[in-house]
*Asks:* 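I have a structure here, written as structure tokens, and I will follow up with some questions on it.
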Amino acid sequence: MAERVLMKGNEAFAEAAIRGGCRFYVGYPITPQSEIPEFMSHELPKRGGTFIQAESELGTINMSYGIGCAGGNVFISSASPGIALMQEGFSFLCSAEVPLVAMNVSRSGAGIGGIQPGQCDYNQVTRGGGNGDYHIPVFAPSTMQDAVDIIYESFEIADRYRNPVMILADGMMGQMMEPVVLPEPKTLYKDEADIANYKPWALTGSKGKANRNRIKSYHAHPAELEQYIDYLYEKYMRMEKELQRAESYHTDDAEIVFVAYGSMARIVREVLEVLRKDGIKAGMIRPISLWPFPTAPFEALNPEVTKVVISAEMSKGQMIPDIRLALKDRIPVKLFSRTGGIIPSTEEIVAFVKTLRKELK
Amino acid sequence: MKAIYQSTVGEGLTLTDTSYCPGCGHGIIHKLVMESIAELGKLGETIGVSPIGCSVVAHEYMNVEMCEAAHGRAPAVATGIKRVHPNHIVFSYQGDGDLASIGMTEIVHAAMRGEKFTTFFVNNAIYGMTGGQMAPTTLLGQKSTTSIDGRKKEISGMPIRVSELLATIDGAVYVERVAVNTPANVRKAKQAIKRALDVQQRKLGFSFVEFLSSCPTNWGLTPVNALKWVGEHMIPYYPLGIFKQPEEEK
Ligand SMILES: Cc1ncc(C[n+]2csc(CCOP(=O)(O)OP(=O)(O)O)c2C)c(N)n1
Ligand code: SF4
């Protein structure tokens, strides 16, 4: 049954995964998401699932690939440098068409960076650091409820497309407490014996099958590989059309439109209220899917009304190329950015807008 | 009439010509592994993992459900599979570049966790697929394309003995090194596979068989001389035998 509870972000993410059909969790400790493996280690076995602590993020992604090949529904989580280490695996899973739900509770900076919240993994998750032509849908919730709902749904999305799905939540969301409504637990397959019915492509042993299943990534012949790449490309194009998601707030009459996702979108929502009280017509587009980047709300903006678009990020303008493409450069784009793990205040963004308006006049 | 030889082609092995070079040990080892699983009547309940290396295509020939793994990661992948299907036979099949170099972490930790699958480790003392570079198992003085004057201890250290290393790990319950260089050794190799699979079926822990194998192509030897080289050079450095077995069998 659905129930309303007060939970810490990371624990709510894990609970949503279990309710969404996660039967296996693999992880390796890293701040700010270690509560997820901790929670999974004691909760998942009680609910009929399996927890594995891997020796590294390479172990995490490759054990998960094995679980996925064998038809198990698997959830993994990590934070920025850990996700970086998994990139070969993501490319491999995409090429082998193995589903997986991954969560990046992201931190700040390149290299080891810092452990405070950040959004500078935008390029890493939307472009991917692995080799080859591949795509992973990325969803960026901005409230705990968004996160719970999208994690819950992601197992079915991953299975439908036979592809990994990524949830990007910054460290601030992982650490905060908020009331959420937890959806009813669902069962994707009953038991081990039921996997072959639910996922006929999975490796469950060839017994009783007309043809044995094989899952592969290597193609020795160029013509065969090109054909396979074209087949996957067609799937990615379908995903690009079907998975775009966004929310628009007060954009119809807005002279200034923010673009923000995740924790930044929460702050910008407050900024909009303050600006509107001061008579400044401001709105926001909140991309929920970062890949595919949602284009429709940008196409709907009228340059006669909207004079400037502000990309508000905890990164250095990584989202701007996507915004400019979606806008087809019809409206100028400015950057508001804080990094290093610093979360901007409402006042600071309001002041930024007021200065910008003076400059534009 | 009693059959003196039963071919596993069409049963454990597919009816396909392999891509392996003449005199390569992979073909013999494929046959032994698949014969052993066929004799257990478990082909339909087996899942294998092929590595990156010449045997990436093992799934073309081994007539069971299989997947490929990224270079070195097969033990992690097999771990995932076995956790989903704990009653199936699960194995990884890996070369020495794959297992003893890039994948050393994954094999050590799979053994440490006592994962209940079997690893078949093909040690041909060289990187086959990429054209004969030095492996961690390349013998001292052995020539390769990245050690053209022969491997030197001062630069590259001593070749690693993986079976001995894994035998120090509690979770590794069965560890044996065999060779496929003579008919007698080939027969012993099959017995090792069967014992390892038995340990797996009894869920006692991790099981491991190392095969000293030949790569005539990258050693620059004829198939016959390559097999001789295994006996003359590899076996003295990599002694054959059981390094670890369940208590009651000692
Ligand atoms: C990440 C990565 N690094 C390097 C390679 C290139 N590569 C392919 S096979 C191989 C070595 C294979 O040697 P071995 O494991 O000894 O197997 P063999 O071919 O001798 O059977 C290497 C280095 C790769 N495919 N992926
Ligand atoms: S290169 Fe060596 S290992 Fe590879 S198939 Fe040929 S003989 Fe076998």
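First the proteins, then the strands, lettered A, B, ... as listed; each starts at 1.
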*Asks:* Can you tell me which portion of A:Tyr218 sits under 4.5 Å from chain B's heavy atoms? Options are side chain, backbone, both or neither.
*Replies:* both
*Asks:* Return the CD to CZ distance between A:Glu55 and B:Arg113, rounded to the nearest 0.5 Å.
*Replies:*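 If we round to the nearest 0.5 Å, A:Glu55:CD and B:Arg113:CZ are 5.0 Å apart.
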*Asks:* State, to 0.1 Å, how close A:Arg212 and B:Val64 come at their nearest heavy-atom pair, and which atoms those are.
*Replies:* NH1-O, 2.9 Å
*Asks:* Below 4.5 Å, heavy-atom pairs only: which of A:Gly66, A:Gly71, A:Ser64 has the largest tally toward chain B?
*Replies:* A:Gly66
*Asks:* Drop me the distance from B:Glu65's CD to A:Lys209's NZ, to the nearest 0.5 angstrom.
*Replies:*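 Here the interatomic distance stands at 3.5 Å.
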*Asks:* Can you tell me how far CZ of A:Arg23 sits from CZ of B:Arg83, rounded to the nearest 0.5 angstrom?
*Replies:*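 Spacing of CZ (B:Arg83) from CZ (A:Arg23) equals 15.5 Å.
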*Asks:* B:Asn63, B:Leu43, B:Val49, B:Ile52: which one forms the most heavy-atom pairs within less than 4.5 Å of chain A?
*Replies:* B:Asn63
*Asks:* Minimum heavy-atom separation for B:Ala76 and A:Gly59, please, with both atom names.
*Replies:*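 Shortest heavy-atom contact: CB-O, 4.1 Å.
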*Asks:* Under 4.5 Å, counting heavy-atom pairs only, tell me which of B:Glu106, B:Arg73, B:Met112 racks up the most with chain A.
*Replies:*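 Heavy-atom pair counts peak at B:Arg73.
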*Asks:* Heavy-atom distances under 4.5 Å only: say whether B:Thr14 touches chain A with side chain, backbone, both or neither.
*Replies:* side chain
*Asks:* Below 4.5 Å from any heavy atom of chain A, which atoms of B:Ile89 appear? Answer side chain, backbone, both or neither.
*Replies:* neither
*Asks:* Would you say that more than 12 heavy atoms from the other residues, nucleotides or ligands in this model lie under 6.0 Å from the OH of A:Tyr28, or not?
*Replies:*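 For A:Tyr28, atom OH is not crowded (no more than 12 foreign heavy atoms under 6.0 Å).
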*Asks:* Identify which part of B:Val57 has an atom lying under 4.5 Å from any heavy atom of chain A, answering side chain, backbone, both or neither.
*Replies:* side chain
*Asks:* Hey, is CG on B:Asp170 packed in by over 12 heavy atoms from elsewhere, all under 6.0 Å?
*Replies:* no
*Asks:* Excluding sequence neighbours, so at least two apart, what forms salt bridge (Lys or Arg N to Asp or Glu O under 4.0 Å) with A:Lys46?
*Replies:*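 Residues passing salt bridge (Lys or Arg N to Asp or Glu O under 4.0 Å) with A:Lys46: A:Glu43.
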*Asks:* With rounding to the nearest 0.5 Å, note down the distance linking NZ in B:Lys82 to CD1 in A:Ile67.
*Replies:* 14.5 Å
*Asks:* Is the shortest distance from a Lys or Arg side-chain nitrogen in B:Glu68 or A:Arg214 to a carboxylate oxygen in the other one below 4.0 Å?
*Replies:* no
*Asks:* Can you measure from OH (A:Tyr65) to CD1 (B:Ile81) and round to the nearest 0.5 angstrom?
*Replies:*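 That separation rounds to 7.5 Å.
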*Asks:* Report which part of B:Thr105 has an atom under 4.5 Å of a heavy atom belonging to chain A: side chain, backbone, both, or neither.
*Replies:*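 B:Thr105 touches chain A through backbone and side-chain heavy atoms alike.
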*Asks:* Contact part of A:Thr50 toward chain B, heavy-atom cut-off under 4.5 Å: side chain, backbone, both or neither?
*Replies:*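 Side chain only.
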*Asks:* Just checking A:His42: does its NE2 atom have more than 12 heavy atoms from other residues, nucleotides or ligands closer to it than 6.0 angstrom?
*Replies:*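 Counting other residues, nucleotides and ligands, NE2 of A:His42 exceeds 12 neighbours.
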*Asks:* With a strict 4.5 Å heavy-atom criterion, list every residue of residues 191-208 of chain A that contacts chain B, or say none.
*Replies:*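 Against chain B, the residues of residues 191-208 of chain A that fall inside the cut-off (heavy atoms, under 4.5 Å) are A:Glu192, A:Ile195, A:Ala202, A:Leu203, A:Thr204, A:Gly205, A:Ser206, A:Lys207.
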*Asks:* Below 4.5 Å from any heavy atom of chain A, which atoms of B:His85 appear? Answer side chain, backbone, both or neither.
*Replies:* both
*Asks:* Using a cut-off of 6.0 Å, state whether more than 12 heavy atoms not belonging to A:Asp133 lie near its atom CG.
*Replies:*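 For A:Asp133, atom CG is not crowded (no more than 12 foreign heavy atoms under 6.0 Å).
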